[in-house]
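Here the structure is a predicted model, which is why all the values come from computation and not from measurement. By convention in this document, chain letters (A, B, ...) are assigned in the order of the sequence lines, proteins followed by strands, and residues within each chain are numbered from 1.
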Amino acid sequence: AQKITQTQPGMFVQEKEAVTLDCTYDTSDQSYGLFWYKQPSSGEMIFLIYQGSYDEQNATEGRYSLNFQKARKSANLVISASQLGDSAMYFCAMREGLASGNTPLVFGKGTRLSVIA
Amino acid sequence: DVKVTQSSRYLVKRTGEKVFLECVQDMDHENMFWYRQDPGLGLRLIYFSYDVKMKEKGDIPEGYSVSREKKERFSLILESTSTNQTSMYLCASSLFLRVQETQYFGPGTRLLVL
(Lines give C-alpha, C1' and ligand atoms only; values in the text may rest on other atoms or scores of the structure.)
Protein backbone atom coordinates (compact mmCIF):
# COMPACT_ATOMS: atom_id res chain seq x y z
CA ALA A 1 0.00 0.00 0.00
CA GLN A 2 1.15 3.51 -0.73
CA LYS A 3 2.46 5.29 2.31
CA ILE A 4 2.11 8.75 0.80
CA THR A 5 -0.72 9.71 -1.52
CA GLN A 6 -0.87 12.92 -3.49
CA THR A 7 -4.11 12.85 -5.47
CA GLN A 8 -3.55 15.98 -7.57
CA PRO A 9 -1.15 15.35 -10.48
CA GLY A 10 -1.44 18.99 -11.52
CA MET A 11 -2.92 22.21 -10.26
CA PHE A 12 -3.30 25.78 -11.48
CA VAL A 13 -3.52 28.86 -9.29
CA GLN A 14 -3.80 32.54 -10.04
CA GLU A 15 -0.92 34.72 -8.92
CA LYS A 16 -1.46 36.17 -5.42
CA GLU A 17 -4.09 33.56 -4.57
CA ALA A 18 -3.64 30.83 -1.96
CA VAL A 19 -3.43 27.16 -2.95
CA THR A 20 -3.64 23.89 -1.04
CA LEU A 21 -1.74 20.80 -2.13
CA ASP A 22 -3.13 17.58 -0.70
CA CYS A 23 -1.19 14.81 1.00
CA THR A 24 -2.45 11.80 2.93
CA TYR A 25 -0.24 9.25 4.59
CA ASP A 26 -0.43 5.78 6.03
CA THR A 27 1.52 4.59 9.04
CA SER A 28 0.97 2.59 12.19
CA ASP A 29 3.87 4.32 13.97
CA GLN A 30 3.07 6.89 16.65
CA SER A 31 6.24 8.82 15.91
CA TYR A 32 6.76 10.09 12.38
CA GLY A 33 7.69 13.20 10.48
CA LEU A 34 6.13 14.78 7.43
CA PHE A 35 8.04 16.88 4.93
CA TRP A 36 7.31 18.95 1.87
CA TYR A 37 9.86 19.56 -0.87
CA LYS A 38 9.76 21.80 -3.94
CA GLN A 39 11.41 20.80 -7.20
CA PRO A 40 11.73 23.58 -9.81
CA SER A 41 12.38 22.73 -13.43
CA SER A 42 16.14 22.85 -12.76
CA GLY A 43 15.75 19.62 -10.79
CA GLU A 44 17.08 20.35 -7.32
CA MET A 45 14.92 19.33 -4.36
CA ILE A 46 14.33 22.19 -1.93
CA PHE A 47 13.12 21.45 1.60
CA LEU A 48 10.14 23.63 2.52
CA ILE A 49 8.56 22.59 5.79
CA TYR A 50 8.44 19.86 8.44
CA GLN A 51 5.70 18.62 10.79
CA GLY A 52 6.28 16.12 13.57
CA SER A 53 3.55 13.75 14.64
CA TYR A 54 3.68 15.04 18.21
CA ASP A 55 3.67 18.70 17.24
CA GLU A 56 0.50 20.29 18.52
CA GLN A 57 0.64 23.32 16.27
CA ASN A 58 0.67 23.39 12.52
CA ALA A 59 4.08 24.19 11.08
CA THR A 60 4.60 27.48 9.27
CA GLU A 61 7.55 28.80 7.26
CA GLY A 62 6.95 32.16 5.66
CA ARG A 63 4.27 31.73 2.98
CA TYR A 64 4.14 27.98 3.57
CA SER A 65 2.00 26.34 6.19
CA LEU A 66 1.11 22.75 6.83
CA ASN A 67 -2.48 21.87 7.62
CA PHE A 68 -1.92 18.80 9.80
CA GLN A 69 -4.99 16.70 10.60
CA LYS A 70 -3.70 13.70 12.48
CA ALA A 71 -6.98 11.81 12.77
CA ARG A 72 -7.48 12.07 9.03
CA LYS A 73 -3.81 11.31 8.36
CA SER A 74 -3.49 14.33 6.15
CA ALA A 75 -0.71 16.90 5.86
CA ASN A 76 -1.73 19.43 3.25
CA LEU A 77 0.62 22.20 2.15
CA VAL A 78 -0.86 25.68 1.94
CA ILE A 79 0.96 28.32 -0.09
CA SER A 80 -0.34 31.81 0.49
CA ALA A 81 -0.04 34.69 -1.99
CA SER A 82 1.25 32.52 -4.85
CA GLN A 83 4.09 33.85 -6.96
CA LEU A 84 5.21 32.90 -10.45
CA GLY A 85 8.34 31.39 -8.91
CA ASP A 86 6.18 28.89 -7.02
CA SER A 87 5.57 26.99 -10.26
CA ALA A 88 7.24 23.64 -9.63
CA MET A 89 6.70 20.02 -8.61
CA TYR A 90 5.85 19.58 -4.95
CA PHE A 91 6.51 16.36 -3.09
CA CYS A 92 5.12 15.22 0.23
CA ALA A 93 7.33 12.77 2.17
CA MET A 94 7.28 10.87 5.43
CA ARG A 95 9.80 9.30 7.75
CA GLU A 96 8.52 6.73 10.22
CA GLY A 97 9.88 6.61 13.73
CA LEU A 98 11.18 4.30 16.37
CA ALA A 99 8.91 1.33 15.75
CA SER A 100 10.36 0.99 12.27
CA GLY A 101 13.89 1.70 13.38
CA ASN A 102 13.93 5.05 11.59
CA THR A 103 13.91 4.96 7.86
CA PRO A 104 14.73 7.05 4.81
CA LEU A 105 12.11 9.41 3.49
CA VAL A 106 9.29 7.90 1.48
CA PHE A 107 7.87 10.21 -1.17
CA GLY A 108 4.55 10.70 -2.85
CA LYS A 109 4.19 10.97 -6.61
CA GLY A 110 4.11 14.73 -6.56
CA THR A 111 1.86 17.58 -7.66
CA ARG A 112 2.83 19.95 -10.44
CA LEU A 113 1.76 23.48 -9.55
CA SER A 114 1.46 26.11 -12.23
CA VAL A 115 0.99 29.74 -11.19
CA ILE A 116 -0.78 31.90 -13.76
CA ALA A 117 -0.15 35.63 -14.07
CA ASP B 1 25.28 25.23 3.94
CA VAL B 2 25.11 21.56 3.15
CA LYS B 3 26.38 20.79 -0.28
CA VAL B 4 25.65 17.58 -2.15
CA THR B 5 27.25 17.30 -5.56
CA GLN B 6 26.77 14.75 -8.29
CA SER B 7 29.39 13.94 -10.87
CA SER B 8 27.27 14.61 -13.96
CA ARG B 9 24.10 16.54 -14.74
CA TYR B 10 23.46 14.69 -18.00
CA LEU B 11 24.65 11.33 -19.30
CA VAL B 12 23.92 9.45 -22.50
CA LYS B 13 24.86 5.77 -22.62
CA ARG B 14 24.27 2.79 -24.87
CA THR B 15 22.53 -0.35 -23.69
CA GLY B 16 24.97 -2.66 -21.92
CA GLU B 17 27.47 0.00 -20.88
CA LYS B 18 28.61 0.32 -17.28
CA VAL B 19 27.79 3.56 -15.53
CA PHE B 20 29.14 5.08 -12.32
CA LEU B 21 27.18 7.89 -10.71
CA GLU B 22 29.13 9.60 -7.97
CA CYS B 23 27.77 11.66 -5.11
CA VAL B 24 29.80 13.69 -2.64
CA GLN B 25 28.61 15.56 0.43
CA ASP B 26 30.68 18.01 2.42
CA MET B 27 28.91 18.03 5.79
CA ASP B 28 30.16 14.83 7.39
CA HIS B 29 26.73 13.23 7.14
CA GLU B 30 26.32 9.65 8.27
CA ASN B 31 23.58 8.71 5.85
CA MET B 32 23.47 8.83 2.07
CA PHE B 33 20.75 7.80 -0.35
CA TRP B 34 20.14 7.15 -4.02
CA TYR B 35 16.68 7.70 -5.50
CA ARG B 36 15.38 7.56 -9.03
CA GLN B 37 12.62 9.86 -10.19
CA ASP B 38 10.24 9.06 -13.00
CA PRO B 39 7.20 11.02 -14.18
CA GLY B 40 4.07 9.90 -12.36
CA LEU B 41 6.02 7.68 -9.98
CA GLY B 42 7.70 10.22 -7.71
CA LEU B 43 10.99 9.37 -6.02
CA ARG B 44 11.78 5.75 -5.33
CA LEU B 45 14.61 4.63 -3.09
CA ILE B 46 17.26 2.45 -4.72
CA TYR B 47 19.84 2.05 -1.93
CA PHE B 48 20.97 3.88 1.15
CA SER B 49 23.99 3.74 3.42
CA TYR B 50 24.16 4.61 7.10
CA ASP B 51 27.90 4.19 7.48
CA VAL B 52 31.06 3.58 5.50
CA LYS B 53 30.98 0.18 3.77
CA MET B 54 27.37 -0.33 4.93
CA LYS B 55 24.44 -0.45 2.54
CA GLU B 56 20.76 -1.25 2.65
CA LYS B 57 18.46 -2.07 -0.23
CA GLY B 58 15.63 0.29 -0.92
CA ASP B 59 12.45 -0.38 -2.83
CA ILE B 60 13.97 -0.92 -6.30
CA PRO B 61 17.56 -2.23 -5.99
CA GLU B 62 17.43 -4.60 -8.96
CA GLY B 63 19.94 -3.70 -11.63
CA TYR B 64 21.92 -1.42 -9.32
CA SER B 65 24.74 -1.70 -6.84
CA VAL B 66 26.42 0.86 -4.59
CA SER B 67 29.76 1.56 -3.01
CA ARG B 68 30.66 3.64 0.02
CA GLU B 69 34.38 3.47 0.68
CA LYS B 70 34.59 6.94 2.23
CA LYS B 71 32.08 8.76 4.40
CA GLU B 72 31.62 11.64 2.01
CA ARG B 73 31.20 9.62 -1.17
CA PHE B 74 28.41 7.29 -2.28
CA SER B 75 28.49 5.76 -5.74
CA LEU B 76 25.66 4.18 -7.69
CA ILE B 77 26.73 1.56 -10.22
CA LEU B 78 24.74 0.34 -13.16
CA GLU B 79 26.66 -2.76 -14.27
CA SER B 80 24.92 -3.17 -17.63
CA THR B 81 22.52 -0.41 -18.51
CA SER B 82 19.13 -1.04 -20.04
CA THR B 83 16.66 1.40 -21.58
CA ASN B 84 14.35 1.09 -18.58
CA GLN B 85 17.07 2.70 -16.47
CA THR B 86 16.59 5.98 -18.33
CA SER B 87 15.65 8.26 -15.47
CA MET B 88 16.62 11.13 -13.19
CA TYR B 89 18.90 9.96 -10.37
CA LEU B 90 18.98 11.95 -7.15
CA CYS B 91 21.49 11.58 -4.36
CA ALA B 92 20.76 12.80 -0.84
CA SER B 93 22.39 12.87 2.56
CA SER B 94 21.35 13.40 6.16
CA LEU B 95 23.13 13.63 9.46
CA PHE B 96 21.01 11.10 11.31
CA LEU B 97 17.98 8.96 10.65
CA ARG B 98 15.94 10.72 13.30
CA VAL B 99 12.31 11.37 12.48
CA GLN B 100 12.83 15.12 12.07
CA GLU B 101 16.03 14.93 10.07
CA THR B 102 15.88 16.63 6.68
CA GLN B 103 17.50 14.99 3.70
CA TYR B 104 19.60 17.28 1.49
CA PHE B 105 19.62 16.57 -2.21
CA GLY B 106 22.10 16.96 -5.02
CA PRO B 107 21.14 18.53 -8.36
CA GLY B 108 20.38 15.19 -10.00
CA THR B 109 21.74 13.28 -12.97
CA ARG B 110 19.54 12.78 -16.02
CA LEU B 111 20.55 9.47 -17.59
CA LEU B 112 19.44 8.50 -21.08
CA VAL B 113 20.11 4.92 -22.16
CA LEU B 114 19.83 4.35 -25.91
Determine whether Arg44(B) and Val106(A) satisfy the following criterion, side chain to side chain contact (heavy atoms under 4.5 Å, CB included), listing intermediate values before the conclusion. CA-CA 8 Å; Arg44(B) 294 178 292 166; Val106(A) 175; over 6 Å; no

Lys57(B), NZ atom: more than 12 neighbouring heavy atoms under 6.0 Å: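 It does not: Lys57(B) NZ has 12 such atoms or fewer within range.
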
Are [X] and [Y] connected in the hydrophobic side-chain network, where two residues link if heavy atoms are under 4.5 Å apart?
X         : Y        : result
Ile77(B)  : Met32(B) : no
Tyr64(A)  : Phe68(A) : yes
Leu114(B) : Met88(B) : no
Tyr89(B)  : Ile60(B) : yes
Leu78(B)  : Ile46(B) : yes

Side chain, backbone, both or neither of [X] within contact of chain B (heavy atoms, under 4.5 Å):
X        : result
Ser42(A) : backbone
Phe35(A) : side chain
Gln51(A) : neither

Check: Glu101(B) main-chain N/O paired with Arg95(A) side-chain donor or acceptor under 3.5 Å: yes

Under a 4.5 Å heavy-atom cutoff, which of Ala93(A), Pro9(A), Gly43(A) has the most pairs with chain B?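 It is Gly43(A).
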
Among the options Arg112(A), Met89(A), Gln39(A), Met94(A), pick out the one with the most heavy-atom pairs lying under 4.5 Å from chain B.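 Heavy-atom pair counts peak at Gln39(A).
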
First locate atom CZ of Phe107(A), then atom CD of Gln37(B), and finally report the distance between them rounded to the nearest 0.5 Å. 9.0 Å

Between atom CD of Gln100(B) and atom CG of Leu34(A), what is the distance when rounded to the nearest 0.5 Å?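 One finds 12.5 Å between CD of Gln100(B) and CG of Leu34(A).
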
Between Met45(A) and Leu43(B), which heavy-atom pair has the shortest distance, and what is it?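 Shortest heavy-atom separation between Met45(A) and Leu43(B) comes out as CE-CD2, 4.0 Å.
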
Considering all heavy atoms, the nearest Tyr37(A)-Thr102(B) contact: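 Result for this residue pair: OH-CG2, 3.4 Å.
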
Evaluate the side-chain proximity of Phe105(B) to Glu44(A): yes if any heavy-atom separation is below 4.5 Å, no if none is.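 Answer no - side chains too far apart.
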
For Pro104(A), the option from Tyr50(B), Tyr47(B), Tyr35(B) that meets side chain to side chain contact (heavy atoms under 4.5 Å, CB included): Tyr35(B)

